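Computation of the quantities below employed the complete heavy-atom set of this structure, encompassing side-chain atoms and omitting hydrogens, waters and symmetry-equivalent molecules. Quick caveat, the model's predicted, so the values are computed rather than measured.
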Amino acid sequence: MSAEGTTFVEAFKAAVRPEPRRTHRMERQGALPAVVLCGDRAAGGDPDPAAVAIRELAAYVCPDVAHRGARHALIEPDHLVAGPDRTLCDEVIHQLERAELDGVGRLRLPEVALLKSLLDWNHDAGQGGGREAAIRLRDYAYERLCDRHKGLMALRWLAGGQQPDLSAGRGLRDFLFILFPVPLFYFLPRWLWTLRCDRRLLRQAKRFPWWAFARGRDAHPEAGRFFDTAVAWRRRLDAAEGHEKAETMERALWAALLSDLRHANRPGRLRPYRRRRRTRCVVLLSPPAEGRQEVHDRFLRAYEDACGVIPYASVVLVAGMTGVGEGAKSLADVAARWRPQRTPERQLARLSESLPPSGTPVPPLPVPYFRPVARPGGELAIELTALAAALAVTAWLVMTGVPSRGDDTTPCLGGDEPPGTSAPKVPASPASPEEYEQARDLITEENHRVDKEAPPGHVRTVFYLGANRGNTRFGSGLPELRGILMGQREANRSAQGDSNNGIWLRVEVRDAGVRFKNAADVARRIVTQAAENPDVIGVVGFAESRTESRDAISELTAAKIPVIITSSTANAMLPSRNDEFVHRISPVNSRETDVEAAFVQHGAIIGDDSGDCHTARAAVVVRDSNDLYSNELGEQFREKFERLTGARAYSVLYDQNAAGSAPPPAGVTTDDITRVARTVCGRLGEEDRTLLYWAGRAEDFSSFLRAFGERTTCTGHHLTVLGGNELTNAALAGEFPGDNRLRLYHTVHALPVGDARRTGPANRFSDAYAATWKNDLWRNDGHAAQGRDAIILMADAASTVSTGGQTVTSGLVQNTLYNGGDTVNRVGASGALRYVQGVADPQNKPVIILRHFDKGNPVPVLVCGAFTLDARDDFTRWGPDRQYECPTDQ
């Protein structure tokens with residue numbers, strides 16, 4: 001008996017039925033490479049050795065008890081034909097679906113069924129194109145779904161059958177039928193299914209990458225409608241040549257099949273059928289007949305390309321080849337390399353000797369076969385009964401009181417579970433260009449109303465200078481722009497009620513580009529316009545502390561134009577000259593780091609598996625020396641942390657232009673986010689009670705979390721992170737999901753909606769925001785409130801000048817803002833705005849630290865600062881028993 005053949009058959013059995021724990025980790029392991037068996041050409045009438053080997057492997061699949069339950073597809077040479085509308089993958093899908101195996105359930109392939117609906121649809125039928133064609137395709141695909149889904153079939157029957165015709169009947173019965181059953185049982189399920197397709201296949205393309213792969217694009221989230229992209233793909237497919245069309249279809253079908261098998265074999269807790277699926281699907285491809293080699297090669301290439309996008313070891317593919325290919329290895333060498341790989345490479349195995357016949361004893365595998373205790377239905381009933389009993393016992397313990405475990409542990413600030421109240425819905429596609437355009441359009445509409453309704457001489461212009469980061473969760477541009485609109489409307493309503501002295505505001509929006517790269521040029525154009533138009537009284541904006549935004553402020557103050565900074569916090573944003581023309585809404589970095597250092601000094605925030613929490617004994621500070629905000633915030637926190645705790649803080653300079661840069665004392669400099677993650681992991685290994693202080697940008701933090709979880713040895717380690725206000729917008733929008741091993745605290749400049757400490761103006765603003773923009777999580781973000789407060793502050797200064805009987809000019813507005821005091825002080829949506837003469841920053845502006853949860857509302861764990869104009873109401877202490885003092889402005 002061939003020793004190499006026996007080794008290969010044993011490896012084949014192990015690939016078909018791996019160890020259970022390996023089955024659960026297929027996704028992380030990768031895909032199995034395709035194995036191509038080749039041998040010397042048969043002489044005379046002898047059968048091809050590769051064809052014989054494929055038939056022998058087919059005999060090992062089902063008859064062998066060790067592989068019972070394995071679905072397999074055997075493609076014989078006469079099946080190696082592919083017309084313009086059929087591929088070899090079609091035959092594989094057909095054989096896998098047709099297999100009837102006891103105890104493992106029916107194989108459902110929803111992604112394949114959806115793709116086949118797209119391929120079978122006749123887009124030439126009927127008239128119209130564009131959106132109309134997408135609607136017809138959606139209707140056709142939904143009807144096909146209803147034909148195979150019993151639940152949707154029943155709903156369709158309740159709605160009156162296929163594709164209800166709303167123009168058919170005119171009687172009372174037809175009217176009542178269309179009024180209730182059709183929308184509820186047909187249109188609503190179809191609409192929900194369409195939304196699900198949009199969300200899964202476009203916006204969650206990282207989880208369901210097969211459609212992006214089929215379209216020939218990178219798997220990344222995107223906006224739009226799925227059926228619009230499907231119509232465009234079908235038209236490109238129909239316009240392709242025969243070979244290109246067949247290759248595109250083969251790739252798409254393989255991708256959809258691998259995606260379905262990935263979910264079909266995923267273990268489930270209450271899924272008895274899934275627990276019985278301990279085998280991979282087997283695809284055996286006989287050597288091609290003469291003239292069919294191209295079809296054979298295309299099939300293998302499509303499988304390998306799809307595995308590169310969906311690396312999931314759910315298929316064992318063995319093919320035969322006539323003749324010996326270049327680079328062929330022995331059967332033993334191929335068997336040794338037959339393991340899941342991230343980028344599987346095809347393995348050529350030379351059949352120097354024939355495989356052992358199926359009746360020949362092969363050493364048994366050390367994996368016991370799964371033997372259930374009951375049939376699937378009975379097992380499910382047992383599990384449901386046990387679950388109901390566990391829930392009943394839990395409810396009883398909650399009602400009667402859970403025994404206390406004593407006071408031997410210190411709970412973590414903010415707890416480990418989100419609050420019971422439901423959180424607003426996370427935006428599905430945050431900060432999209434359409435949403436920016438919508439906010440700009442509403443500001444333009446308000447400007448038209450000002451031009452139409454405001455009395456002559458009572459209109460002044462304010463420029464808003466902002467920047468967005470595109471279609472991401474990181475930027476603060478969209479909530480701030482919405483706050484600017486809300487503030488403009490509020491200011492104009494006040495002016496409308498004071499016909500003698502009220503000043504109406506027009507807001508001109510200017511985009512400084514991504515990361516304020518064009519801020520200085522935009523500022524120079526504003527200076528030119530202000531020189532030509534005396535009605536310009538100031539500029540608001542500047543959400544980010546960058547060198548470019550500081551240069552823009554210098555251009556404006558040089559021209560003596562008042563500037564109100566919304567949420568930029570760096571102390572260094574003040575220009576070198578005419579800094580009395582700059583006024584701020586948010587607390588600056590020096591105040592924020594004072595509060596954060598006190599929080600770290602006293603707060604129990606470093607947790608472990610026992611539930612006990614401690615204060616930090618060490619810190620790692622990640623900052624970017626080329627970023628004004630990041631460098632200043634990180635350096636100030638490091639100095640205050642070391643002064644208050646007496647411990648050293650390890651510095652990590654993450655600079656993408658770090659080539660040749662010198663590392664800081666007690667630190668490193670790198671341009672690789674993976675090295676940042678590994679450095680943090682190393683510091684955690686040296687001291688368990690180590691805090692990570694993230695002074696960098698939010699997009700870099702998201703990359704860090706991925707690298708920390710995938711490329712370090714600290715995957716199971718608890719990580720406590722404290723970050724600045726830069727993380728707020730992304731954190732509230734669900735960008736940083738995680739379990740209880742990630743404990744994230746970040747500062748924010750407004751209390752969350754629903755907090756009892758919120759003032760009347762803050763609640764009125766959040767209610768108006770929800771009425772205009774719906775109840776999304778950005779209501780909890782201080783950027784919108786600070787945008788509103790900046791406009792209101794400018795409007796108050798202008799109204800004060802007008803009330804004094806003077807013509808409102810930028811110079812008089814500046815004098816009013818500079819003098820501060822009761823003329824401009826007010827209770828804002830983001831807290832109290834209390835200014836003293838000659839100081840740009842509001843006194844004791846609130847600083848809030850939130851405990852972040854990826855599911856549920858954020859929890860404030862520290863609140864310091866002034867929310868009213870009465871200093872006696874200031875929050876001067878924090879902590880579980882208010883035992884710690886809040887830093888205050890001197």
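- At a threshold of 4.5 Å between non-hydrogen side-chain atoms, the residues H72 and V316 do not count as touching.
- Checked by atom type, the side-chain pair H243/E294 shows a donor-acceptor distance below 3.5 Å.
- The shortest distance between side-chain heavy atoms of S117 and Y142 does not fall below 4.5 Å.
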Requested in this report: Please step through side-chain hydrogen bond (donor to acceptor under 3.5 Å, both in side chains) for the pair D90 and T87, ending with a clear verdict.
Outcome: CA-CA 5 Å; D90 277 302; T87 65; 3.2 Å; yes
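- Taken to the nearest 0.5 Å, the CD atom of E56 stands 11.5 Å off from the CG atom of L284.
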Report task. Kindly determine whether F12 and V35 satisfy side chain to side chain contact (heavy atoms under 4.5 Å, CB included), including the steps that lead there. Result -> CA-CA 10 Å; F12 174 76; V35 173; over 6 Å; no
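- At distances below 3.5 Å, at least one donor-acceptor pair connects side-chain atoms of H296 with backbone N or O atoms of G320.
- In terms of heavy-atom proximity, C281 sits nearest to L261 at SG-CD2, 4.0 Å.
- Judged by distance alone, the side chains of Q95 and E91 do bring a donor and an acceptor atom under 3.5 Å apart.
- Proximity of V334 to R350: side-chain heavy atoms (C-beta onward) are nowhere separated by under 4.5 Å.
- Contact between Y654 and V676 at its shortest, heavy atoms only, is CD1-CG2, 3.8 Å.
- Side chains of L119 and L237 form a contact here, defined as non-hydrogen atoms less than 4.5 Å apart.
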Requested in this report: Output, in order, the C-alpha distance, side-chain angles, deciding distance and verdict of side chain to side chain contact (heavy atoms under 4.5 Å, CB included) for R251 and R301.
Outcome: CA-CA 8 Å; R251 285 163 51 90; R301 285 197 309 271; over 6 Å; no
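- Side-chain atoms of D48 never come within 3.5 Å of backbone atoms of P287 as a donor-acceptor pair (strictly under, hydrogens ignored).
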Report task. I would like to know whether Y140 and R136 meet side-chain hydrogen bond (donor to acceptor under 3.5 Å, both in side chains); could you show each step before the answer? Result -> CA-CA 6 Å; Y140 175 79; R136 288 191 285 108; over 6 Å; no
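- Enclosure of atom CZ in R346 by more than 12 non-hydrogen atoms of other residues, nucleotides or ligands within 6.0 angstrom is indicated.
- Between Y312 and W210, the distance from one ring center to the other does not fall under 6.0 angstrom.
- Expressed to the nearest 0.5 Å, how far CH2 of W193 lies from SG of C146 amounts to 8.5 Å.
- Ion pairing between a basic and an acidic side chain is recognised when a charged N comes within 4.0 Å of a carboxylate O; D238 and R234 show such pairing.
- Between the side chain of W233 and the main chain of A214, a donor-acceptor pair closer than 3.5 Å is present.
- Of the N and O atoms on the side chains of S330 and D333, at least one donor lies less than 3.5 Å from an acceptor on the other residue.
- In terms of heavy-atom proximity, F299 sits nearest to C89 at CE1-N, 3.9 Å.
- Ion pairing of E111 with R200 is present here, as a side-chain N (NZ or NE/NH1/NH2) and a carboxylate O approach within less than 4.0 Å.
- Between L285 and V36 the shortest side-chain heavy-atom distance does not fall below 4.5 Å.
- The CG atom of L57 sits 10.0 Å away from the CG atom of L74 when rounded to the nearest 0.5 Å.
- For R280 (side chain) and A15 (main-chain N/O), a donor-acceptor pair under 3.5 Å exists by modelled atom type.
- Salt-bridge formation is not detected for the pair R225/D198: no Lys NZ or Arg NE/NH1/NH2 atom is positioned less than 4.0 Å from an Asp or Glu carboxylate oxygen.
- Between Q347 and W338, the side chains place no donor N or O within less than 3.5 Å of an acceptor N or O (distance only, hydrogens not considered).
- Side chain of R339 to backbone of A336: a donor-acceptor contact under 3.5 angstrom is found.
- Of all heavy-atom pairs spanning C197 and L114, the tightest one is SG-CD2, 4.4 Å.
- No side-chain heavy atom of V231 sits under 4.5 Å from any side-chain heavy atom of F227.
- The environment of CZ in R196 is sparse: at most 12 heavy-atom neighbours from other residues, nucleotides or ligands sit within 6.0 Å.
- The heavy-atom pair separating L115 from A256 by the smallest distance is CD2-CB, 4.0 Å.
- Atom CZ of residue R298 and atom CD of residue Q293 lie 11.5 Å apart, to the nearest 0.5 angstrom.
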Query raised in the report: side chain to side chain contact (heavy atoms under 4.5 Å, CB included) between L331 and T7: does it pass, once the steps are laid out?
Result: CA-CA 8 Å; L331 288 173; T7 301; over 6 Å; no
**Report entry** Derivation of the side chain to side chain contact (heavy atoms under 4.5 Å, CB included) call for D139 and R190
**Finding:** CA-CA 8 Å; D139 296 342; R190 188 181 66 183; 2.9 Å; yes
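- Atom-to-atom distance recorded for L145:CG and R138:CZ is 13.0 Å, nearest 0.5 angstrom.
- When atom types are taken as modelled, the side chain of T715 and the backbone of G709 share a donor-acceptor pair closer than 3.5 angstrom.
- Of the possible donor and acceptor atoms, one in the side chain of T229 sits under 3.5 Å from a partner among the backbone N and O of F226.
- The shortest heavy-atom contact between A255 and I310 is O-CD1, 3.3 Å.
- E76 places no side-chain N or O within 3.5 Å of a backbone atom of S286 that could act as its donor or acceptor partner.
- In this structure, the side chains of P356 and V9 come closer than 4.5 Å at one or more pairs of heavy atoms.
- Here the side chains of L32 and P344 are not in contact, with every heavy-atom distance at 4.5 Å or above.
- Taken to the nearest 0.5 Å, the CG atom of L201 stands 8.0 Å off from the CH2 atom of W211.
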